[in-house]
Number of protein chains: 2
Amino acid sequence: MTLPPDLVQQLEKLLGPRLSQGAADRDHHAESASFHRAPPPDAVVWPESAEEVSEIVRACADAGVPVIPWGTGTSLEGHALATRGGVTIDLTRMDKVTDIRAEDMQASVQPGVTREALNTELRATGLFFPVDPGANASLGGMAATRASGTAAVRYGTMRDNVLGLQVVLADGRIIRTGTRAAKTSAGYDLTGLFVGSEGTLGIITELTLRLHGQPEDVAAAVCAFDSLEHAVECVNATIQSGIPMARIEFVDAVAARAFNLYAGTTLPETPHLMVEFHGSPSAVREDAERFGELAREFGAQGFDWATSPEDRTRLWRMRHGAYHACLILRPGATGVVTDVCVPMSHLPAAVAAAAEDIREAGLIGPIVGHVGDGNFHSQLLVEPGNEAEITAAKRIATRMAERALAVGGTITGEHGIGIGKRPLMAAEHGEGWQVMGAIKAALDPGNILNPGKLVPDRN
Amino acid sequence: MTLPPDLVQQLEKLLGPRLSQGAADRDHHAESASFHRAPPPDAVVWPESAEEVSEIVRACADAGVPVIPWGTGTSLEGHALATRGGVTIDLTRMDKVTDIRAEDMQASVQPGVTREALNTELRATGLFFPVDPGANASLGGMAATRASGTAAVRYGTMRDNVLGLQVVLADGRIIRTGTRAAKTSAGYDLTGLFVGSEGTLGIITELTLRLHGQPEDVAAAVCAFDSLEHAVECVNATIQSGIPMARIEFVDAVAARAFNLYAGTTLPETPHLMVEFHGSPSAVREDAERFGELAREFGAQGFDWATSPEDRTRLWRMRHGAYHACLILRPGATGVVTDVCVPMSHLPAAVAAAAEDIREAGLIGPIVGHVGDGNFHSQLLVEPGNEAEITAAKRIATRMAERALAVGGTITGEHGIGIGKRPLMAAEHGEGWQVMGAIKAALDPGNILNPGKLVPDRN
């Protein structure tokens, strides 16, 4: 696809050097944190305001050219790849925290602000933004993919922490969704509709976020179990008993080995849980004690408590660095990362079945997960370009998704659809997938917003 | 409007005596818990399954006849009135709790199950469903209007507690939205779209609900303040300090007087807060103590702690009976109930301005609210049929909504749009309201699902 010269001229006039058709810029926006690949976009633009995004979208809509929003490129399902060519809208220059309303525990941010940048700006306020997918993703991208991560069990996902949005629609109109009130019942939940719509319904140009008080006290721990089943059953029992956890993460024996090799830790090479409690000092102490008792009933041992901020940082850096740590298990390999979420009662069997599939395929695939939500991942290590291995890995990922569906779960807990999970959408949603397509057609009749993703192809 | 004879015949064949065109049945379904009035529907049907709802909708769609879903008729904004005639689908016979999955902390229910009926069935499981709008509404109606209530500050609204739905679409197709997993990022959040859509996008025929553990311990209290500002500032300070509240309710001096007259209590006739804490015994004790200290800083006194279930029931029955209690202040009057929600920092001024408006209009209008969410109501007592008073009350309600919008709030925190708040939708959403209209047109091209509500009129 070549861009119409009129469009290029129009965008050049609007953006000057913030339009690029250079190979390096285009190639950079064809990169993906996963094994998904697509040709580069035809051009990249770097708008600095909602009005510029609106003009870009309007111009591209007139020319029938796709637009693809881009945050930090950390998506794992190829969301931001220009599979049908077009113009990638890189939002990294829209990186201002526009307003912190500490008294309302809210912030307004442009979409290119990363979660770490926001939390740095919030440090002095006593507040923080809790959604933490590991990667230092942009908040716009996190909203667009309905990201969650380790703290969702306590603080919720992006669905729960985005109060409102400013969105540029397919025809360039700029709308605002939601309010600054804690709740509303004023009509359709457009905020919730755009959160998770992956750039297919509009381009997020501002977010109103719910903030939370930095906990007065925090305690974190890692402990070892003799089997996967015992670790996961312990999670279930902890939730049932109502102990309020801020994080509860599963790490299997393979991942523990990777941490030891990568970071020089001396974890027993068995399944682990990593937990964190937030609250007043006495509440944290009580929660930690109750969890400790419960975990010991399931055979947990080797408790390593981290109460200082430095120790906790070390502990969670290990968890968040899992992807890179695990690559050490097979130098030169790349990871095919799976992502399913199941009802809690089905979690032990789902994790065990996934581990068995990986073993049978002869692959190395450590399993980690946000198990308090029933959400887990395996990182299947494959040789880049080895089609047989990639096919085997994809087959395992598909089987995990199918097994999740069979027990009422979902094909993706937090990574989203993009191009990777699209073939499974009909299996999860049935006729509901067509309803998504009808909504897309109504709001983007020209199919220019990130086409080829998430919804069914048009007839 | 008279129903086409073919349609009546078709419905009679399907439903037998569960179709009625009798005046009593029709009139019953023209009743409203508020001052909104409309002519009765042309017929009422009582389906017993999603398949029957589907057939009814299909038949009505073919005939171009509106369908209006009906739960318990407790809506305050005329949601379920047949403003354009048609067939009211009374869902009270679909009242089965179809599945309780205690291990996953979930239940599946038909839409006619009321929240009290569900909680009765859950009693032995140690779980409960927390959304509590006061009225014993149907869960289908609560989802359709995105209800919340006193416990939302801790447990969230229907948006947060509905995991999935079965919905009959405008063409009779039956779809499922959401999953039984705790979270999902698999495409557009259709569950969230149907929650709060007030029967205009589809008819809910089953709900998958998130349950919560019954708290190990509960403590509730009521305490008095010398001014509205001190009470509301205390709420703000409590939230900022991170004390986890299960409920925090404001009751003004006028409402306190009503309780005394109605229930024989001896509250000081000043503003009050009613609070509740859930957790382990020691956590509840600590939270209650911290709140007590904070409240006393704002001049709170006359703490009345209710720790026994009976005392708590008495306390909350008072709050939930507020509507009826307040009617005693003007025998023979009916209430025009307002509902706005504002950012916390604007709450004291918003409540004070509303009280001032009521005083100036010479009306009696007690103010109560779920102030932990920034949500409050006044109950403007007007003489039935007194158009001047109703007009004055509506003007006050509109001013409250406009003031809420001016500070980034919403025209309705939990009562929804129906017909009452529809004239204010453009002011809240701007062009976003047209987007809602586009979604409605895409999913209900014949405009048969609860027409005349929520979205703009078609061109």
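In what follows, chains are A, B, ... by sequence order, proteins preceding strands, each numbered from 1.
Interface remark: A:Met436 contributes backbone and side-chain atoms alike to the contact with chain B (heavy atom separation under 4.5 Å). Contacts between A:Lys453 and chain B at a heavy-atom distance below 4.5 Å are absent for every atom of the residue. Within the 4.5 angstrom heavy-atom criterion, no atom of A:Lys421 approaches chain B. When heavy atoms are compared at a cutoff of 4.5 Å, B:Glu414 approaches chain A by way of both its backbone and its side chain. Only the side chain of A:His370 comes within less than 4.5 Å of a heavy atom in chain B; its backbone stays farther off. Both the backbone and the side chain of A:Arg159 come within contact range of chain B, each with at least one heavy atom under 4.5 Å from a heavy atom of that chain. For A:Glu286, the part lying near chain B is the side chain, with the backbone staying farther off; criterion is any non-hydrogen pair under 4.5 Å. Interface remark: A:Ala147 contributes no atoms to any contact with chain B (heavy atom separation under 4.5 Å).
Taking the six-membered ring where tryptophan is involved, the planes of A:Phe128 and A:Tyr155 are perpendicular, since the angle between them exceeds 60° and thus also 30°.
A distance-only check finds a donor-acceptor pair linking the side chain of B:Arg422 to the backbone of B:Val455 [under 3.5 Å]. In this structure, the side chain of B:Asp189 does not engage the main chain of A:Val195 through any donor-acceptor pair within 3.5 Å.
When the candidates A:Leu127, A:Ile411, A:Thr157, A:Val435 are compared by the number of heavy-atom contacts under 4.5 Å with chain B, A:Val435 comes out ahead.
With respect to A:Arg101 and A:Asp99, a salt bridge is recorded, a charged nitrogen being found less than 4.0 Å from a carboxylate O.
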